[in-house]
Amino acid sequence: MNYTKLFINLDRSPERREKFDETWTRITATDGNDLDNHPILRRMVSYWNMNPKEHRAKCACFLSHYRTLEYIVGLQLNHVIVCEDDAIQMNELPPPEALGHYFCYLGGYFTHRRMNDGHLKDPDDFPISKQGLNPLDRSQYRILMMMAYYIPSWKVAEQILSWLDSCVRLRAMDCLLFGLPYPVNYYYPALFVEDTCETTIHTRGRAKHPNTHYCLQ
């Protein structure tokens, strides 16, 4: 399988690198502790309503994924799998053509379109998903988390970067990509789930984790 596989990892989290073998390339994550006076701190909408430590971590997460997209464009990489370092592969990767020609989620969890309604809990509320590639119906649903996703070509990464640059105010990357003016897909069942290790973003920790059905459990 002709994939380029990238994982995002903080310098201060060396223990998380152990599960990634030589087929993966490490991308150094941006550390929120290093963002003194960075303009993103005020550009991100949570500047006024979030714990400052979490706000900085959220900004750092955004920059980590932004810089990963820059890396993809700079090296003109195609068929790219991107994972955060708490992702665990659960299913075999299909051929690249099975993941489509647009941004594709490979893990995460479904929420209602209106985020205040929370994540999907009732099985009857979940979208009917076929095995393999599915279009995300953004008129009803979101997928949250940037744990694992597929970028089919560097030109797609370039389009996403250009759109991100046009956004006056920023949100967490998973929330912002809901408005991406290009098709968004997801692969079912999810190829990756989240490890139960301690989060490096939320001070409160996370009690539930997404499974291969894009459901928090």
Side-chain angles (χ1 to χ4, degrees), residues 8 30 32 35 38-66 69 82-84 86-87 102-129 134-150 160 163-217:
I8 301 171
T30 302
L35 292 183
H38 195 288
I40 195 174
L41 293 174
R42 287 183 175 271
R43 194 176 170 200
M44 186 78 68
V45 296
S46 57
Y47 179 77
W48 301 106
N49 58 13
M50 180 176 271
N51 174 295
K53 183 177 180 180
E54 288 193 10
H55 175 71
R56 292 168 73 92
K58 188 167 85 168
C59 291
C61 181
F62 180 96
L63 288 174
S64 296
H65 288 280
Y66 186 94
L69 292 170
V82 179
C83 286
E84 295 180 335
D86 57 356
Y102 303 103
F103 179 94
C104 181
Y105 285 102
L106 305 180
Y109 64 94
F110 283 112
T111 73
H112 296 279
R113 185 182 191 278
R114 202 173 80 96
M115 289 181 61
N116 287 344
D117 293 335
H119 65 92
L120 301 189
K121 302 173 184 177
D122 188 334
D124 292 335
D125 291 335
F126 278 77
I128 297 174
S129 302
N134 292 265
L136 178 60
D137 181 1
R138 285 179 282 175
S139 69
Q140 298 188 68
Y141 310 107
R142 296 174 183 256
I143 290 179
L144 292 185
M145 299 185 73
M146 296 296 291
M147 176 185 60
Y149 53 92
Y150 173 67
I160 296 172
W163 178 75
L164 290 172
D165 288 341
S166 73
C167 297
V168 176
R169 301 300 303 276
L170 300 178
R171 300 180 182 275
M173 185 68 87
D174 54 352
C175 296
L176 198 60
L177 286 183
F178 177 76
L180 190 68
Y182 306 106
V184 173
N185 297 321
Y186 66 96
Y187 193 86
Y188 183 87
L191 300 177
F192 295 85
V193 299
E194 184 187 35
D195 197 352
T196 57
C197 57
E198 184 178 354
T199 175
T200 57
I201 296 180
H202 301 289
T203 58
R204 300 178 302 276
R206 191 195 300 275
K208 297 182 178 181
H209 303 271
N211 61 19
T212 57
H213 301 294
Y214 294 84
C215 174
L216 281 183
Q217 286 190 331

Looking at side-chain heavy atoms only, is the closest gap between [X] and [Y] below 4.5 Å?
| X | Y | result |
| --- | --- | --- |
| P127 | L120 | yes |
| L136 | I143 | yes |
| Q217 | K208 | no |
| F192 | T212 | no |

Taking every non-hydrogen atom, the tightest pair across [X] and [Y]:
| X | Y | result |
| --- | --- | --- |
| D174 | M145 | OD2-N, 2.8 Å |
| R43 | L164 | NH2-O, 3.6 Å |
| K58 | A172 | CD-CB, 3.8 Å |
| N134 | I128 | OD1-O, 4.3 Å |
| I8 | S64 | CG2-CB, 3.9 Å |
| L35 | C59 | CD1-CB, 3.9 Å |

Given the rule in the side-chain contact (heavy atoms from CB on, under 4.5 Å) test, do L191 and Y105 qualify, once you have shown the distances and angles that lead to the verdict? CA-CA 9 Å; L191 300 177; Y105 285 102; over 6 Å; no
Over 12 foreign heavy atoms within 6.0 Å of CZ, R138:
yes
Whether over 12 other heavy atoms sit under 6.0 Å from F103 CZ
yes
Report the residues that fulfil side chain to side chain donor-acceptor pair (under 3.5 Å) with [X], sequence neighbours left out, ordered by chain and then residue number.
| X | result |
| --- | --- |
| Y66 | D165 |
| Y214 | none |
| S139 | D137 |

Residue pairs passing the salt bridge (Lys or Arg N to Asp or Glu O under 4.0 Å) test with at least one member in residues 104-117, sequence neighbours excluded, are R114-D117
Applying side chain to side chain contact (heavy atoms under 4.5 Å, CB included) to T111 and not counting sequence neighbours gives Y109, H119, R142, L144
Does either side chain, that of H65 or that of E84, offer a donor lying less than 3.5 Å from an acceptor on the other one?
yes
Practice prompt. Determine, stepwise, if the pair H209 / V193 fulfils side-chain contact (heavy atoms from CB on, under 4.5 Å).
Written response: CA-CA 8 Å; H209 303 271; V193 299; over 6 Å; no
When rounded to the nearest 0.5 angstrom, what is the spacing between [atom1] in [X] and [atom2] in [Y]?
| X | Y | atom1 | atom2 | answer |
| --- | --- | --- | --- | --- |
| S46 | R169 | OG | CZ | 9.0 Å |
| Q140 | D125 | CD | CG | 9.5 Å |
| M44 | F62 | CE | CZ | 6.0 Å |
| D195 | M147 | CG | CE | 10.5 Å |
| H38 | L63 | NE2 | CG | 5.0 Å |

Query raised in the report: Taking H55 for the side chain and L41 for the main chain, is one N or O donor matched with an acceptor at less than 3.5 Å?
Result: yes
Could you walk me through whether F126 and C215 pass side-chain contact (heavy atoms from CB on, under 4.5 Å), step by step? CA-CA 9 Å; F126 278 77; C215 174; 3.8 Å; yes
Atom pairs and distances, donor-acceptor, side-chain atoms in residues 175-189, under 3.5 Å, two or more places apart:
from	atom 1	to	atom 2	distance (Å)
Y186	OH	S129	OG	2.6
Y188	OH	H213	ND1	2.6

